[in-house]
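These numbers come from a predicted model, not from an experiment.
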Amino acid sequence: MNIEDPEYSEGSWIQWFCALEDHQFFCEVDEEYIKDTFNLYGLKPKFIHYDEAYEMILNEAPEEEDLEDEHFLELYQEATDLYGLIHARFIQSPKGLALMREKFLLGKFGTCPRVLCERQNVLPVGMSEELRTSRVKVFCPKCEEVYIPKKKCPDVDGAYFGCSFPQMLLQTYTDLYPTPSNVTYVPRVFGFKVFKHKGSRFLSPEKKTEITFYDDEHLKRIKGAGTVMNKEDEEEPNQRMSGNDRIKESGGLNKE
């Protein structure tokens, strides 16, 4: 639906933003939640134009001519980050959890790429609470591993969801836990097991390094000494698309 459609043009910025392509992981945060200053504690120092970004979020959907306004495009980037950090808090509230539960059950976040998980629905997760550290990933409740989403979501920061969301949802709605599976893949050559290869390491009792979020040491290993990061995964912390590019990348001002 085009923004010029009367029904859509009268919508809010939040509705417009969540309807953009590659923004299917987001849910619509209640305006009342955003207006409660208690929920925004500690966010203001993170932004240069906090008040303007806050006002944009609570405003109407933008018009076509706004895309030609440089000030709007700069402010859009801050509004996106501010909304994202508010979103990370909202989805851990009772109403936010309920909204994300429905999206999870509908498979809006995608399915696990591991074949033996049999298309288990996944949940969005961040590998850092800080902006510009890592793009959003997905967590599979069945194998309990983290993967890059099938749709890369180039402008969706992992901080918009936080590191704790999947476990918060699963502990709140325990019925969402999938039935455990003991099925494992065993590599063979012409039907014979490969010597010293026991198969899938998901069930291996061997001690592994535990990780829940990216610490400084892990980030250095990922990024290398000033090298360009893997294009299939992360973006460099300071390398962000311009406001115009981000909106165009997300489908412009058109609603699917």
*Asks:* For side-chain contact (heavy atoms from CB on, under 4.5 Å), just list the numbers for Y50 and E78, CA-CA rounded to whole Å, side-chain angles, deciding distance to a tenth of an Å, and then say yes or no.
*Replies:* CA-CA 8 Å; Y50 174 86; E78 285 222 354; 5.7 Å; no
*Asks:* For the residue pair V125 and V138, establish whether any side-chain heavy-atom pair is separated by less than 4.5 Å.
*Replies:* no
*Asks:* What's the verdict on side-chain contact (heavy atoms from CB on, under 4.5 Å) for M56 and F72, showing C-alpha distance, side-chain angles and the deciding distance?
*Replies:* CA-CA 9 Å; M56 175 181 282; F72 169 84; 3.4 Å; yes
*Asks:* Are N39 and R89 close enough that some pair of their side-chain heavy atoms sits under 4.5 Å apart?
*Replies:* no
*Asks:* Do D81 and R132 sit within salt-bridge range, that is, some charged N less than 4.0 Å from a carboxylate O?
*Replies:* yes
*Asks:* Between E28 and C18, does the side-chain contact (heavy atoms from CB on, under 4.5 Å) criterion hold? Intermediate values first, please.
*Replies:* CA-CA 7 Å; E28 294 183 15; C18 292; 3.9 Å; yes
*Asks:* Within the structure provided, determine whether L116 and K142 are in side-chain contact (heavy-atom separation under 4.5 Å).
*Replies:* no
*Asks:* Answer yes or no: is there a donor N or O on one side and an acceptor on the other, between the side chain of K151 and the main chain of Q24, under 3.5 Å?
*Replies:* no
*Asks:* Could you give the distance from CG (L176) to CG (L105), rounded to the nearest 0.5 Å?
*Replies:* 5.5 Å
*Asks:* Do we see a donor-acceptor contact under 3.5 Å between the side chains of H49 and E74?
*Replies:* no
*Asks:* For R135, is there an ion pair with D157 - N to carboxylate O distance below 4.0 angstrom?
*Replies:* no
*Asks:* Sub-3.5 Å donor-acceptor pair from the side chain of H87 to the main-chain atoms of C27, do we have one?
*Replies:* yes
*Asks:* Testing F165, F90, F25 one by one against M100 for a side-chain contact (heavy atoms from CB on, under 4.5 Å), which residue passes?
*Replies:* F165
*Asks:* Report yes if some heavy atom in the side chain of R114 is under 4.5 Å from a heavy atom in the side chain of C140; otherwise report no.
*Replies:* no
*Asks:* Is a side-chain donor or acceptor of Q15 paired with a backbone partner of S12 at a separation under 3.5 angstrom?
*Replies:* yes
*Asks:* Any side-chain donor paired with an acceptor under 3.5 Å for Y76 and D66?
*Replies:* no
*Asks:* Without swapping roles, check the side chain of Y54 against the backbone of L82 for a donor-acceptor pair under 3.5 Å.
*Replies:* no
*Asks:* Is there a path from L43 to F38 through hydrophobic residues (I, L, V, M, F, W, Y) whose side chains come within less than 4.5 Å of each other?
*Replies:* no
